[in-house]
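Let me begin by presenting the structure, written as C-alpha coordinates, before commenting on it.
Letters A, B, ... are given to chains in the order of the sequence lines, protein chains preceding strands, and every chain is numbered from 1.
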2 protein chains.
Amino acid sequence: MPKETKRRDTWFACLQANDYRLTKPRKTVINVLASSRQALNPTEIFDLAREEYPSLGLVSVYRTLETLEELNLIQRVHQPEGCKSYIAAFSGHQHLLVCEGCGRMVYFDGDDIASLVERVEQESGYQVNEHWLQLFGRCQACQ
Amino acid sequence: MPKETKRRDTWFACLQANDYRLTKPRKTVINVLASSRQALNPTEIFDLAREEYPSLGLVSVYRTLETLEELNLIQRVHQPEGCKSYIAAFSGHQHLLVCEGCGRMVYFDGDDIASLVERVEQESGYQVNEHWLQLFGRCQACQ
DNA sequence: ATCTTATTGAAAATGATTTTCAATTTCAGT
DNA sequence: ACTGAAATTGAAAATCATTTTCAATAAGAT
Ligand SMILES: [Mn+2]
Ligand SMILES: [Mn+2]
Ligand SMILES: [Zn+2]
Ligand SMILES: [Zn+2]
(Lines give C-alpha, C1' and ligand atoms only; values in the text may rest on other atoms or scores of the structure.)
(Ligands and ions follow the chains in the order given, each with its own letter.)
Protein backbone atom coordinates (compact mmCIF):
# COMPACT_ATOMS: atom_id res chain seq x y z
CA MET A 1 0.00 0.00 0.00
CA PRO A 2 1.49 3.38 -1.03
CA LYS A 3 2.43 5.83 1.68
CA GLU A 4 -0.18 8.43 0.72
CA THR A 5 -2.98 5.87 0.88
CA LYS A 6 -1.88 4.91 4.35
CA ARG A 7 -1.80 8.54 5.43
CA ARG A 8 -5.23 9.12 3.94
CA ASP A 9 -6.70 6.23 5.85
CA THR A 10 -5.07 7.41 9.05
CA TRP A 11 -6.71 10.79 8.58
CA PHE A 12 -10.10 9.22 7.86
CA ALA A 13 -9.77 7.20 11.04
CA CYS A 14 -8.74 10.25 13.00
CA LEU A 15 -11.79 12.17 11.84
CA GLN A 16 -14.10 9.32 12.81
CA ALA A 17 -12.38 8.88 16.15
CA ASN A 18 -13.22 12.52 16.82
CA ASP A 19 -16.88 12.17 15.85
CA TYR A 20 -16.58 13.88 12.50
CA ARG A 21 -18.58 12.36 9.67
CA LEU A 22 -16.78 10.99 6.68
CA THR A 23 -18.31 13.05 3.92
CA LYS A 24 -17.47 13.32 0.25
CA PRO A 25 -16.14 16.91 0.50
CA ARG A 26 -13.87 16.02 3.40
CA LYS A 27 -12.63 12.86 1.77
CA THR A 28 -11.82 14.71 -1.43
CA VAL A 29 -9.89 17.49 0.31
CA ILE A 30 -7.98 14.88 2.26
CA ASN A 31 -7.13 12.98 -0.89
CA VAL A 32 -5.57 16.10 -2.31
CA LEU A 33 -3.66 17.14 0.80
CA ALA A 34 -2.48 13.71 1.88
CA SER A 35 -0.87 13.04 -1.46
CA SER A 36 0.73 16.42 -2.17
CA ARG A 37 4.48 16.87 -1.98
CA GLN A 38 4.10 20.60 -1.79
CA ALA A 39 2.11 23.02 0.31
CA LEU A 40 -1.21 24.09 -1.19
CA ASN A 41 -3.40 27.10 -0.50
CA PRO A 42 -7.20 26.97 -0.29
CA THR A 43 -7.77 27.83 -3.93
CA GLU A 44 -5.22 25.33 -5.16
CA ILE A 45 -6.82 22.65 -3.04
CA PHE A 46 -10.23 23.67 -4.34
CA ASP A 47 -9.14 23.41 -7.97
CA LEU A 48 -7.46 20.03 -7.53
CA ALA A 49 -10.30 18.60 -5.47
CA ARG A 50 -12.91 19.69 -7.98
CA GLU A 51 -11.34 17.44 -10.57
CA GLU A 52 -12.40 14.55 -8.39
CA TYR A 53 -15.61 16.06 -7.03
CA PRO A 54 -16.87 18.95 -9.16
CA SER A 55 -19.71 20.06 -6.93
CA LEU A 56 -17.37 20.81 -4.02
CA GLY A 57 -17.75 24.26 -2.50
CA LEU A 58 -14.82 26.49 -1.57
CA VAL A 59 -16.35 26.95 1.86
CA SER A 60 -15.91 23.28 2.56
CA VAL A 61 -12.23 23.54 1.77
CA TYR A 62 -11.87 26.27 4.39
CA ARG A 63 -13.89 24.27 6.89
CA THR A 64 -11.96 21.09 6.31
CA LEU A 65 -8.63 22.89 6.60
CA GLU A 66 -9.70 24.26 9.95
CA THR A 67 -10.69 20.82 11.16
CA LEU A 68 -7.55 19.09 9.94
CA GLU A 69 -5.36 21.74 11.49
CA GLU A 70 -7.13 21.37 14.83
CA LEU A 71 -6.49 17.64 14.68
CA ASN A 72 -2.81 18.37 13.96
CA LEU A 73 -2.98 16.48 10.69
CA ILE A 74 -1.87 19.43 8.61
CA GLN A 75 0.17 22.54 9.31
CA ARG A 76 0.36 25.99 7.81
CA VAL A 77 3.61 26.75 6.00
CA HIS A 78 5.23 30.18 6.25
CA GLN A 79 7.08 31.38 3.17
CA PRO A 80 8.34 34.72 1.87
CA GLU A 81 5.54 34.75 -0.72
CA GLY A 82 2.82 34.12 1.82
CA CYS A 83 1.61 32.03 4.69
CA LYS A 84 -1.62 30.58 3.42
CA SER A 85 -0.67 27.10 2.31
CA TYR A 86 -0.87 23.83 4.15
CA ILE A 87 0.98 20.55 4.10
CA ALA A 88 0.65 17.24 5.90
CA ALA A 89 2.07 17.59 9.38
CA PHE A 90 4.85 15.40 10.62
CA SER A 91 4.28 13.80 13.98
CA GLY A 92 6.84 14.81 16.54
CA HIS A 93 9.28 17.68 16.41
CA GLN A 94 10.49 18.28 12.86
CA HIS A 95 11.44 21.08 10.53
CA LEU A 96 10.77 21.86 6.89
CA LEU A 97 13.17 22.14 4.00
CA VAL A 98 11.51 23.89 1.07
CA CYS A 99 12.60 23.88 -2.56
CA GLU A 100 12.59 27.42 -3.95
CA GLY A 101 12.26 26.00 -7.44
CA CYS A 102 9.35 23.57 -7.38
CA GLY A 103 8.05 23.97 -3.85
CA ARG A 104 8.68 20.37 -2.93
CA MET A 105 9.08 19.98 0.82
CA VAL A 106 10.78 17.46 3.04
CA TYR A 107 10.96 17.21 6.79
CA PHE A 108 14.17 16.85 8.72
CA ASP A 109 14.91 16.56 12.40
CA GLY A 110 17.86 17.50 14.48
CA ASP A 111 18.06 19.55 17.56
CA ASP A 112 21.62 20.59 17.08
CA ILE A 113 20.41 24.01 18.07
CA ALA A 114 20.15 23.12 21.76
CA SER A 115 23.48 24.74 22.53
CA LEU A 116 22.57 27.81 20.49
CA VAL A 117 19.31 28.12 22.42
CA GLU A 118 21.17 27.84 25.68
CA ARG A 119 23.58 30.59 24.72
CA VAL A 120 20.77 32.89 23.64
CA GLU A 121 18.96 32.27 26.92
CA GLN A 122 22.07 33.31 28.82
CA GLU A 123 22.59 36.45 26.80
CA SER A 124 19.00 37.60 26.61
CA GLY A 125 17.52 36.54 29.91
CA TYR A 126 14.58 35.02 28.03
CA GLN A 127 13.40 31.52 28.74
CA VAL A 128 12.99 29.77 25.38
CA ASN A 129 10.03 27.41 24.96
CA GLU A 130 9.78 26.82 21.26
CA HIS A 131 11.60 27.36 18.02
CA TRP A 132 10.86 27.64 14.33
CA LEU A 133 13.52 26.57 11.91
CA GLN A 134 13.00 26.36 8.20
CA LEU A 135 15.50 25.88 5.42
CA PHE A 136 15.15 27.05 1.83
CA GLY A 137 17.10 25.74 -1.11
CA ARG A 138 16.90 23.68 -4.27
CA CYS A 139 15.97 20.05 -4.51
CA GLN A 140 18.02 17.65 -6.58
CA ALA A 141 15.69 17.95 -9.57
CA CYS A 142 15.79 21.76 -9.52
CA GLN A 143 19.54 22.26 -9.15
CA MET B 1 20.62 60.86 22.07
CA PRO B 2 18.34 57.84 22.70
CA LYS B 3 18.64 54.86 20.40
CA GLU B 4 15.15 55.22 18.89
CA THR B 5 15.80 58.83 17.96
CA LYS B 6 18.96 57.81 16.20
CA ARG B 7 17.13 55.07 14.32
CA ARG B 8 14.36 57.45 13.37
CA ASP B 9 16.83 59.95 11.94
CA THR B 10 18.59 57.19 10.02
CA TRP B 11 15.28 56.23 8.46
CA PHE B 12 14.46 59.83 7.59
CA ALA B 13 17.85 60.13 5.91
CA CYS B 14 17.36 56.86 4.05
CA LEU B 15 14.02 58.03 2.69
CA GLN B 16 15.53 61.29 1.50
CA ALA B 17 18.52 59.54 -0.01
CA ASN B 18 16.05 57.55 -2.08
CA ASP B 19 14.12 60.59 -3.28
CA TYR B 20 11.14 60.11 -1.04
CA ARG B 21 9.67 63.23 0.45
CA LEU B 22 9.66 63.64 4.20
CA THR B 23 5.96 64.05 4.85
CA LYS B 24 4.01 64.23 8.07
CA PRO B 25 2.27 60.86 7.57
CA ARG B 26 5.56 59.11 6.87
CA LYS B 27 7.31 60.74 9.78
CA THR B 28 4.54 59.74 12.13
CA VAL B 29 4.48 56.12 11.06
CA ILE B 30 8.25 56.01 11.42
CA ASN B 31 8.09 57.49 14.89
CA VAL B 32 5.80 54.68 15.92
CA LEU B 33 7.73 51.85 14.29
CA ALA B 34 11.22 53.03 15.14
CA SER B 35 10.45 53.20 18.83
CA SER B 36 8.43 50.02 19.27
CA ARG B 37 9.88 47.05 21.08
CA GLN B 38 7.26 44.78 19.62
CA ALA B 39 5.95 44.02 16.17
CA LEU B 40 2.89 46.03 15.13
CA ASN B 41 0.28 45.38 12.48
CA PRO B 42 -1.17 48.09 10.20
CA THR B 43 -4.14 48.83 12.44
CA GLU B 44 -2.05 49.02 15.58
CA ILE B 45 0.33 51.39 13.85
CA PHE B 46 -2.61 53.42 12.61
CA ASP B 47 -4.09 53.77 16.09
CA LEU B 48 -0.78 54.72 17.70
CA ALA B 49 0.17 57.14 14.95
CA ARG B 50 -3.18 58.89 15.09
CA GLU B 51 -2.47 59.94 18.65
CA GLU B 52 0.33 62.05 17.23
CA TYR B 53 -1.29 62.95 13.92
CA PRO B 54 -5.08 62.46 13.99
CA SER B 55 -5.77 63.16 10.33
CA LEU B 56 -3.55 60.29 9.18
CA GLY B 57 -5.21 57.88 6.77
CA LEU B 58 -4.92 54.13 7.04
CA VAL B 59 -3.90 53.97 3.39
CA SER B 60 -0.78 55.92 4.22
CA VAL B 61 0.16 53.36 6.81
CA TYR B 62 -0.01 50.63 4.19
CA ARG B 63 1.94 52.72 1.72
CA THR B 64 4.62 53.64 4.20
CA LEU B 65 4.99 50.03 5.32
CA GLU B 66 5.55 49.02 1.72
CA THR B 67 8.18 51.70 1.25
CA LEU B 68 10.02 50.95 4.47
CA GLU B 69 10.06 47.24 3.72
CA GLU B 70 11.49 47.90 0.26
CA LEU B 71 14.24 49.95 1.84
CA ASN B 72 14.91 47.06 4.26
CA LEU B 73 14.24 49.29 7.25
CA ILE B 74 11.48 47.06 8.60
CA GLN B 75 10.65 43.40 8.29
CA ARG B 76 7.50 41.34 8.52
CA VAL B 77 7.35 39.03 11.53
CA HIS B 78 5.81 35.58 11.28
CA GLN B 79 4.01 34.29 14.36
CA PRO B 80 1.51 31.54 15.15
CA GLU B 81 -1.22 34.15 15.51
CA GLY B 82 -0.51 35.80 12.18
CA CYS B 83 2.07 37.25 9.87
CA LYS B 84 0.95 40.80 9.43
CA SER B 85 3.09 42.74 11.84
CA TYR B 86 6.32 44.58 11.29
CA ILE B 87 9.33 45.48 13.34
CA ALA B 88 12.52 47.45 12.75
CA ALA B 89 14.92 45.32 10.74
CA PHE B 90 18.34 44.45 11.95
CA SER B 91 21.14 45.01 9.50
CA GLY B 92 23.02 41.87 8.66
CA HIS B 93 22.01 38.28 9.31
CA GLN B 94 20.11 38.00 12.56
CA HIS B 95 17.24 36.09 14.11
CA LEU B 96 14.33 37.02 16.33
CA LEU B 97 13.51 35.94 19.84
CA VAL B 98 9.88 36.70 20.66
CA CYS B 99 8.26 36.94 24.09
CA GLU B 100 5.02 34.94 24.13
CA GLY B 101 3.83 37.04 27.03
CA CYS B 102 4.27 40.67 26.03
CA GLY B 103 5.48 40.36 22.44
CA ARG B 104 8.77 42.06 23.14
CA MET B 105 11.38 41.05 20.59
CA VAL B 106 15.15 40.95 20.56
CA TYR B 107 17.56 39.98 17.84
CA PHE B 108 20.31 37.47 18.27
CA ASP B 109 22.96 36.18 15.93
CA GLY B 110 24.75 32.91 15.72
CA ASP B 111 25.19 30.59 12.86
CA ASP B 112 25.79 27.55 14.98
CA ILE B 113 23.45 25.86 12.57
CA ALA B 114 26.07 25.59 9.83
CA SER B 115 26.84 22.01 10.71
CA LEU B 116 23.16 21.15 10.92
CA VAL B 117 22.60 22.65 7.48
CA GLU B 118 25.48 20.63 6.09
CA ARG B 119 24.09 17.42 7.47
CA VAL B 120 20.63 18.09 6.08
CA GLU B 121 22.14 18.84 2.68
CA GLN B 122 23.87 15.47 2.72
CA GLU B 123 20.77 13.58 3.74
CA SER B 124 18.26 15.34 1.51
CA GLY B 125 20.25 16.11 -1.61
CA TYR B 126 18.94 19.69 -1.43
CA GLN B 127 21.25 22.65 -1.72
CA VAL B 128 20.37 25.05 1.09
CA ASN B 129 20.46 28.79 0.36
CA GLU B 130 18.67 30.40 3.23
CA HIS B 131 17.26 29.71 6.65
CA TRP B 132 14.64 31.06 8.98
CA LEU B 133 15.15 30.61 12.68
CA GLN B 134 12.94 32.12 15.30
CA LEU B 135 12.77 31.44 19.02
CA PHE B 136 9.75 31.87 21.25
CA GLY B 137 9.82 32.18 25.01
CA ARG B 138 9.30 34.53 27.90
CA CYS B 139 11.24 37.65 28.61
CA GLN B 140 12.59 38.40 32.05
CA ALA B 141 9.63 40.60 32.94
CA CYS B 142 7.11 37.96 31.87
CA GLN B 143 8.63 34.94 33.58
C1' DA C 1 6.67 83.23 -3.48
C1' DT C 2 5.95 80.18 -7.29
C1' DC C 3 5.79 75.96 -9.73
C1' DT C 4 6.11 71.09 -10.44
C1' DT C 5 5.12 66.83 -9.01
C1' DA C 6 4.91 63.39 -5.31
C1' DT C 7 1.90 62.41 -1.81
C1' DT C 8 -2.26 62.46 0.60
C1' DG C 9 -7.07 60.90 2.46
C1' DA C 10 -11.82 59.59 1.10
C1' DA C 11 -14.33 56.62 -1.36
C1' DA C 12 -14.86 52.81 -4.34
C1' DA C 13 -13.16 48.42 -5.82
C1' DT C 14 -11.20 44.12 -5.05
C1' DG C 15 -10.10 39.73 -2.90
C1' DA C 16 -10.09 36.53 0.75
C1' DT C 17 -12.48 34.53 4.42
C1' DT C 18 -16.61 33.92 7.42
C1' DT C 19 -21.43 33.75 8.46
C1' DT C 20 -26.11 32.54 7.53
C1' DC C 21 -29.50 29.36 6.19
C1' DA C 22 -32.39 26.09 3.81
C1' DA C 23 -31.48 21.71 1.59
C1' DT C 24 -28.91 17.45 1.71
C1' DT C 25 -26.28 13.70 3.52
C1' DT C 26 -24.43 10.75 7.04
C1' DC C 27 -24.99 7.36 10.24
C1' DA C 28 -27.07 5.22 14.42
C1' DG C 29 -30.99 2.71 15.60
C1' DT C 30 -34.36 -0.16 13.94
C1' DA D 1 -33.01 -1.56 3.65
C1' DC D 2 -35.80 2.25 6.20
C1' DT D 3 -36.26 6.13 9.33
C1' DG D 4 -35.12 10.12 11.83
C1' DA D 5 -31.99 13.23 14.32
C1' DA D 6 -28.24 15.86 13.72
C1' DA D 7 -24.13 17.22 11.28
C1' DT D 8 -22.70 18.92 7.05
C1' DT D 9 -23.19 21.01 2.77
C1' DG D 10 -23.08 24.84 -1.08
C1' DA D 11 -24.99 29.36 -2.47
C1' DA D 12 -25.45 33.79 -1.26
C1' DA D 13 -24.70 37.54 1.76
C1' DA D 14 -21.80 39.70 5.04
C1' DT D 15 -17.47 40.95 6.81
C1' DC D 16 -12.73 42.26 6.89
C1' DA D 17 -8.20 43.52 5.00
C1' DT D 18 -5.91 45.51 1.34
C1' DT D 19 -5.56 48.01 -3.13
C1' DT D 20 -6.94 51.26 -6.59
C1' DT D 21 -8.69 55.59 -8.16
C1' DC D 22 -8.78 60.41 -8.06
C1' DA D 23 -9.16 65.25 -6.93
C1' DA D 24 -7.02 68.10 -3.40
C1' DT D 25 -2.84 69.15 -0.82
C1' DA D 26 1.86 69.69 0.62
C1' DA D 27 7.00 69.12 -0.18
C1' DG D 28 10.87 70.81 -2.02
C1' DA D 29 13.42 72.78 -6.00
C1' DT D 30 13.98 77.27 -8.31
MN1 LIG E 1 14.08 21.61 16.36
MN1 LIG F 1 21.38 32.31 10.92
ZN1 LIG G 1 12.60 21.50 -6.56
ZN1 LIG H 1 7.54 39.54 27.80
Side-chain angles (χ1 to χ4, degrees), chain A residues 9 11-33 39-71 73-74 76-86, chain B residues 9 11-33 39-71 73-74 76-86:
Chain A
D9 291 341
W11 292 12
F12 287 175
C14 183
L15 278 180
Q16 290 195 303
N18 287 82
D19 295 325
Y20 290 102
R21 292 186 178 174
L22 231 49
T23 66
K24 198 94 192 242
R26 279 177 183 153
K27 283 196 245 180
T28 314
V29 168
I30 287 179
N31 282 340
V32 168
L33 271 169
L40 302 169
N41 66 35
T43 315
E44 290 167 338
I45 295 167
F46 181 61
D47 291 339
L48 287 168
R50 282 197 134 206
E51 291 175 11
E52 179 185 330
Y53 180 55
S55 65
L56 176 71
L58 179 56
V59 214
S60 291
V61 174
Y62 280 100
R63 290 193 275 228
T64 304
L65 285 173
E66 195 183 350
T67 304
L68 294 176
E69 192 178 27
E70 258 164 31
L71 295 172
L73 298 174
I74 59 172
R76 186 188 287 267
V77 178
H78 299 260
Q79 290 180 267
E81 311 81 43
C83 308
K84 296 177 176 177
S85 25
Y86 290 84
Chain B
D9 291 341
W11 293 11
F12 288 174
C14 183
L15 278 180
Q16 289 195 302
N18 288 83
D19 295 325
Y20 289 102
R21 291 185 181 174
L22 229 49
T23 65
K24 198 99 191 238
R26 279 176 184 152
K27 284 197 245 180
T28 315
V29 168
I30 288 178
N31 281 340
V32 168
L33 271 168
L40 302 170
N41 66 35
T43 315
E44 289 167 339
I45 296 166
F46 181 60
D47 292 338
L48 287 168
R50 282 199 131 200
E51 291 175 11
E52 179 184 332
Y53 180 54
S55 65
L56 176 71
L58 179 56
V59 214
S60 291
V61 175
Y62 280 100
R63 289 192 277 229
T64 304
L65 285 173
E66 196 182 351
T67 304
L68 294 177
E69 192 178 26
E70 258 164 31
L71 295 172
L73 298 175
I74 59 172
R76 185 188 289 268
V77 178
H78 299 261
Q79 290 181 268
E81 311 82 42
C83 308
K84 296 175 174 177
S85 27
Y86 291 85

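Nearest-nucleotide mapping onto DNA chain D: of B/Tyr62 and B/Gln16, the residue sitting toward the 5' end is B/Tyr62. Judged by closest nucleotide on DNA chain D, A/Arg50 is the one of B/Leu58 and A/Arg50 placed further toward the 5' end. For A/Arg63 and A/Pro42, each mapped to the nucleotide of DNA chain C holding its nearest heavy atom, the one lying further toward the 5' end belongs to A/Pro42.
Here the P atom of nucleotide C/dA16 and the CD1 atom of A/Ile45 are 14 Å apart, to the nearest Å. Note: CZ (A/Phe12) to P (C/dT26) measures 13 Å, nearest angstrom. Counting to the nearest Å, the C1' atom of C/dA6 and the CD atom of B/Glu66 are 15 Å from each other. Between the CG atom of A/Asp19 and the C1' atom of D/dA5 there is a distance of 15 Å, rounded to whole Å. Atom CG in A/Leu15 sits about 16 Å away from atom P in D/dA7, given to the nearest Å. A straight line from CG of A/Leu56 to P of C/dT25 spans 14 Å, rounded to a whole angstrom. Between B/Leu22 atom CG and D/dA29 atom P the separation is 11 Å, expressed in whole Å. As rounded to whole Å, 18 Å separates atom C1' of C/dA6 from atom NZ of B/Lys24.
Residue A/Arg26 places at least one side-chain N or O closer than 4.0 Å to OP1 or OP2 of D/dT8. Phosphate proximity of C/dT8 to B/Thr23: present, with a side-chain N or O under 4.0 Å from OP1 or OP2.
Within the 4.0 angstrom heavy-atom criterion, no nucleotide atom of any strand lies near B/Phe46. Among the heavy atoms of the strands lying under 4.0 Å from A/Ser55 are primed sugar atoms or P, OP1, OP2 only; no base atom is included.
Inter-residue side-chain proximity for A/Tyr20 and A/Leu71 is flagged as met; some heavy-atom pair is nearer than 4.5 Å.
A donor-acceptor contact under 3.5 Å is formed by the side chain of B/Arg21 with the base of C/dT5.
With respect to B/Ile30, the side-chain contact (heavy atoms from CB on, under 4.5 Å) criterion is satisfied by exactly one of B/Ile74, B/Leu73, B/Leu22, B/Leu68: B/Leu68.
A/Pro42 and A/Leu58 get closest at one heavy-atom pair: O-CD1, 4.1 Å.
Around CD of B/Glu66, the count of heavy atoms belonging to other residues, nucleotides or ligands within 6.0 Å does not exceed 12.
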Go through the steps for B/Gln16 and B/Phe12 under the test side-chain contact (heavy atoms from CB on, under 4.5 Å), then give the verdict.
-> CA-CA 6 Å; B/Gln16 289 195 302; B/Phe12 288 174; 5.5 Å; no
